[in-house]
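Predicted, not measured: the structure shown is a model, and the values here were computed from it. Any value given below was found using the heavy atoms of this structure, including those in side chains, with hydrogens, waters and symmetry copies removed.
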Amino acid sequence: RKLTVNQVDAIQVQAKIVEAAKDTEDHGKASRDLLELMLRSGVAEFETFTTDDFGDLPIDELSKLSNAIMKHSGFGK
């Protein structure tokens, strides 16, 4: 599903947190939080997923899906 304006705003805030955490020990968690936010926002079936639920899925497939969500919503390449 396409992202709402509020969802895009929340993703942008989290993306800034990821950027600020670059080269720190918090970068990995911030990046994972961003990925989970994007997936929960863009895929109805993921709305109730926990961090542990996402941890059981292949990271490369989640990354591809998050890229597809952004593309579908008019962002990304």
- Message: Salt bridge or not between Glu61 and Lys64? Use side-chain N to carboxylate O under 4.0 Å.
- Response: yes
- Message: Tell me which pairs pass salt bridge (Lys or Arg N to Asp or Glu O under 4.0 Å) where either residue lies in residues 31-45, with sequence neighbours left out.
- Response: Lys29-Asp33, Arg32-Glu36, Glu36-Arg40
- Task: Answer yes if the side chains of Ser63 and Asp60 hold a donor-acceptor pair under 3.5 Å, and no otherwise.
- Result: no
Which heavy-atom pair separates [X] from [Y] by the least distance, and what is that distance?
{"X": "Ile11", "Y": "Leu34", "value": "O-CD1, 3.7 Å"}
{"X": "Leu37", "Y": "Ala10", "value": "CD2-O, 3.6 Å"}
{"X": "Ile17", "Y": "Ala30", "value": "CG2-CB, 4.1 Å"}
{"X": "Thr24", "Y": "Ala21", "value": "OG1-O, 2.5 Å"}
{"X": "Arg1", "Y": "Ser73", "value": "O-OG, 4.2 Å"}

- Message: With a sphere of 6.0 Å drawn around CD of Glu25, does it hold more than 12 non-hydrogen atoms of other residues, nucleotides or ligands?
- Response: no
- Item | Any Val13 side-chain heavy atom under 4.5 Å of Lys16 side chain | no
- Query: Do Phe49 and Leu39 come within less than 4.5 Å of each other through their side chains, counting heavy atoms only?
  - Reply: no
- Item | Within one Ile-Leu-Val-Met-Phe-Trp-Tyr cluster: Met70 and Ile59, side-chain cutoff 4.5 Å | yes
